[in-house]
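Chain A is the first sequence line, chain B the second, and so forth, proteins listed ahead of strands; every chain is numbered from 1. Keep in mind that the numbers below use all heavy atoms, side chains included, and drop hydrogens, waters and symmetry copies.
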Number of protein chains: 2
Amino acid sequence: MEYDINDFKNPLFTVDSVLFTVKDEQLKVLMVKRSNEPFSGRWGLPGGFVDVDRDDTTDMTALRKLKEKTGAKPQYLEQLQVFSGISRDPRGFSVTLVYFALIAEQEVSSRIDTVDEAQWIGINQIESLAVAFDHKLIIKQAQERLQQKTLYSMIPVYCLPEYFTVGQLKSVIETIIGKTIQRKSLIRRIEAADMFETVDEKVKSGGRLAQLYKVKEGVDIVNFERNLSGA
Amino acid sequence: MEYDINDFKNPLFTVDSVLFTVKDEQLKVLMVKRSNEPFSGRWGLPGGFVDVDRDDTTDMTALRKLKEKTGAKPQYLEQLQVFSGISRDPRGFSVTLVYFALIAEQEVSSRIDTVDEAQWIGINQIESLAVAFDHKLIIKQAQERLQQKTLYSMIPVYCLPEYFTVGQLKSVIETIIGKTIQRKSLIRRIEAADMFETVDEKVKSGGRLAQLYKVKEGVDIVNFERNLSGA
DNA sequence: GATTAAAAGTGTCACTGAGACACAATATTA
DNA sequence: TAATATTGTGTCTCAGTGACACTTTTAATC
């Protein structure tokens with residue numbers, strides 16, 4: 001019941017990424033202005049074809065393409081989902097593996113500012129933008145996944161620089177889920193997660209000096225057993 | 001920065017499924033004995049190439065392949081993950097989109113019994129089986145996902161026939177997560193989820209007659225805000 | 001028919017972690 | 001020095017799970 005490879009038209013396979021960051025209290029997505037067909041002139045997600053000579057896995061394809069656009073490696077990367085279909089690409093049946101990535105805005109700001117091919121687009125502006133393929137839908141799904149994960153894990157730290165304060169993390173979380181959370185709840189989770197350590201340094205923040213935290217070496221994302229509700 | 005399709009060797013793209021069921025208090029996976037190279041004679045996951053003339057999406061590829069082996073459509077189907085790499089298939093760089101599916105054992109028992117090409121293999125026997133590709137790893141990941149989802153949703157109902165009792169659901173859940181749960185907790189969740197309705201019929205079960213339940217029409221899986229801990 | 005065993009189903013208290021919010025501590029600024 | 005802003009703590013409430021005793025309803029056995 002196995003077939004010879006050549007019996008079939010192999011579908012078009014690409015790797016795209018939804019790279020999020022939080023900047024100016026807004027969730028942003030990295031979009032690239034397309035200069036080739038199809039959808040030339042429209043905005044699309046950064047991505048492209050696997051280069052089997054350079055990529056050991058599709059993860060590397062995603063990272064390579066992101067590096068081309070941002071000059072940096074995202075702090076978090078996971079698979080979102082595969083989108084496939086006969087009609088999503090005019091060239092024929094296509095399959096896109098979409099990754100979902102996070103990075104601190106500071107890591108890439110210089111590069112992005114000088115290249116006008118790639119831009120951070122506010123999540124709310126996506127709706128009214130000329131977007132290629134089904135990338136609008138893909139971004140929506142990625143946003144939902146990010147919001148969901150934010151309720152039971154600490155992934156939003158990957159939108160922050162190495163050292164960060166509770167206040168910054170709180171702000172990023174609130175931006176992502178679009179609701180306010182209790183500072184106290186966040187602190188409890190920071191302690192319970194045991195994935196952060198305090199840095200012997202404090203930073204000014206408009207009031208009392210804030211304690212700096214960093215992610216411990218080699219720790220994985222902790223999943224909590226309850227969701228935040230976000231009032 | 002876009003490339004012509006023909007510049008690249010398109011990687012080998014296949015769709016496989018990890019179809020689970022619970023039978024005799026054991027979690028089982030549908031495995032197929034391979035009759036073609038590579039790995040002829042070994043056991044592998046049901047799957048194959050996309051047929052762009054018959055499949056509108058990769059979901060249909062997965063369903064079509066499962067139907068070939070079991071004669072039935074799984075009650076639950078979702079994407080698990082893509083597995084890719086230069087060395088997982090001797091034919092070259094390969095990409096496999098793996099689905100994760102559930103079905104009631106009763107739906108397919110007759111078919112499976114008559115075909116010796118496809119078999120339900122107990123999850124604990126996989127380790128010592130001659131398995132093709134990286135399918136052992138894939139099954140392990142699928143099992144973890146199933147266990148995780150079982151803690152915060154009711155997906156295990158899709159391992160049961162249309163009408164089922166609380167006792168049956170409890171047993172299936174316990175088999176999946178490998179721990180006992182409180183009957184009371186399960187009943188509370190059944191009520192809170194609001195995705196089941198009682199059937200005006202009871203069934204004998206060795207003691208007091210048990211209330212039959214069924215999944216309401218058109219409802220989606222409900223995700224709870226807390227995990228079960230399973231003592 | 002009475003007795004026992006087995007599973008279904010209920011009542012309720014304890015425990016855990018999030019929500020809410022008051023309050024204390026420490027910085028800046030006027 | 002006082003006002004203000006933000007950090008950080010103390011603690012009560014609330015919701016949902018865990019635990020477990022207890023009741024109900026059936027089949028099986030005597």
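For the pair A/E174 CD and D/dT6 P, the interatomic distance rounds to 13 Å; values are reported in whole Å. Between the CD1 atom of A/I187 and the P atom of D/dT11 there is a distance of 16 Å, given to the nearest Å. For A/K179 and C/dG19, the NZ to P distance is 10 Å, given to the nearest whole Å. Counting to the nearest Å, the C1' atom of C/dG9 and the CZ atom of B/R183 are 6 Å from each other. Going from atom CD of A/Q168 over to atom P of D/dG8 covers 11 Å, rounded to whole Å. The distance from atom CD1 of B/I173 to atom C1' of D/dT17 is 14 Å, rounded to the nearest whole Å. Following rounding to the nearest Å, B/L169 (CG) and C/dA7 (P) show an atom-to-atom distance of 17 Å. Taking atom CG of residue A/N227 and atom P of nucleotide D/dT17, one finds them 12 Å apart after rounding to whole Å.
Separation of atoms OG (A/S17) and CG (A/L77) is listed at 6.0 Å; rounding is to 0.5 Å. In this structure, B/D16 CG and B/F133 CZ are separated by 7.5 Å, a value rounded to the nearest 0.5 Å. Interatomic distance, OH of A/Y163 versus CG of A/L212, reported as 8.5 Å (0.5 Å rounding).
Residues A/I139 and A/M31 have side chains in contact (heavy-atom distance under 4.5 Å, counting atoms from C-beta outward). The shortest distance between side-chain heavy atoms of A/K170 and A/I173 does not fall below 4.5 Å.
In this model, a donor atom of one side chain and an acceptor atom of the other lie less than 3.5 Å apart for B/T14 and B/T96. Side-chain atoms of B/T58 and B/Y99 form a donor-acceptor pair, as typed in the model, at a separation below 3.5 Å.
The side-chain tip of A/R189 points at the ring of A/F224 from less than 6.0 angstrom away and within 45° of straight on.
The listed nucleotides are D/dG18, C/dG19, D/dG8; the one nearest the side chain of A/L228 is C/dG19.
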Any N/O pairs under 3.5 Å between the protein and nucleotides 24-29 of chain C? List them or say none.
unit_1 : atom_1 : unit_2 : atom_2 : d
C/dA25 : N3     : A/R208 : NH1    : 3.2
C/dT26 : O2     : A/R208 : N      : 3.4

Polar-atom pairs under 3.5 Å, protein N or O versus N or O of nucleotides 28-30 of chain D: list them with distances, or write none.
none

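No hydrogens or angles were tested; on distance alone, nothing pairs the side chain of A/R226 with the base of C/dG19 as donor and acceptor under 3.5 Å. Counting distance only, with no hydrogens placed and no angle test, the side-chain atoms of B/K184 and the base atoms of C/dG11 include a donor-acceptor pair under 3.5 Å.
The pair A/E107-A/K73 does not meet the salt-bridge criterion, since no charged nitrogen lies less than 4.0 angstrom from a carboxylate oxygen.
A/E225 comes within contact range of no nucleotide atom at all, as no heavy-atom separation falls under 4.0 Å.
Contact annotation: A/Q182 side-chain N/O to C/dA20 OP1/OP2 distance is under 4.0 Å. Side-chain nitrogen and oxygen atoms of A/S229 include at least one within less than 4.0 Å of the OP1 or OP2 phosphate oxygen of C/dG19.
Residues from residues 189-199 of chain A lying near DNA chain D, meaning a heavy-atom separation below 4.0 Å, are absent.
Contacts classified as side-chain hydrogen bond (donor to acceptor under 3.5 Å, both in side chains) and involving residues 122-132 of chain A (residues at least two apart or in different chains) are not found.
In terms of position along DNA chain D, the nucleotide closest to A/A210 lies nearer the 5' end than the nucleotide closest to the other residue of the pair A/R188 and A/A210.
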Listed pairs under 3.5 Å, donor-acceptor, residues 144-160 of chain A side chains, sequence neighbours left out:
unit_1 : atom_1 : unit_2 : atom_2 : d
A/R145 : NE     : A/E78  : OE2    : 3.0
A/R145 : NH1    : A/L80  : O      : 3.3
A/R145 : NH2    : A/E78  : OE2    : 3.3
A/R145 : NH2    : A/Q79  : O      : 2.8
A/R145 : NH2    : A/L80  : O      : 3.3
A/Q147 : NE2    : A/I176 : O      : 3.1
A/K149 : NZ     : A/E78  : OE1    : 2.7
A/T150 : OG1    : A/L146 : O      : 2.7
A/S153 : OG     : A/K149 : O      : 2.8
A/S153 : OG     : A/I155 : N      : 3.3

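Shown here are the salt bridge (Lys or Arg N to Asp or Glu O under 4.0 Å) partners of B/R183, two or more places apart in sequence or in another chain: there are none.
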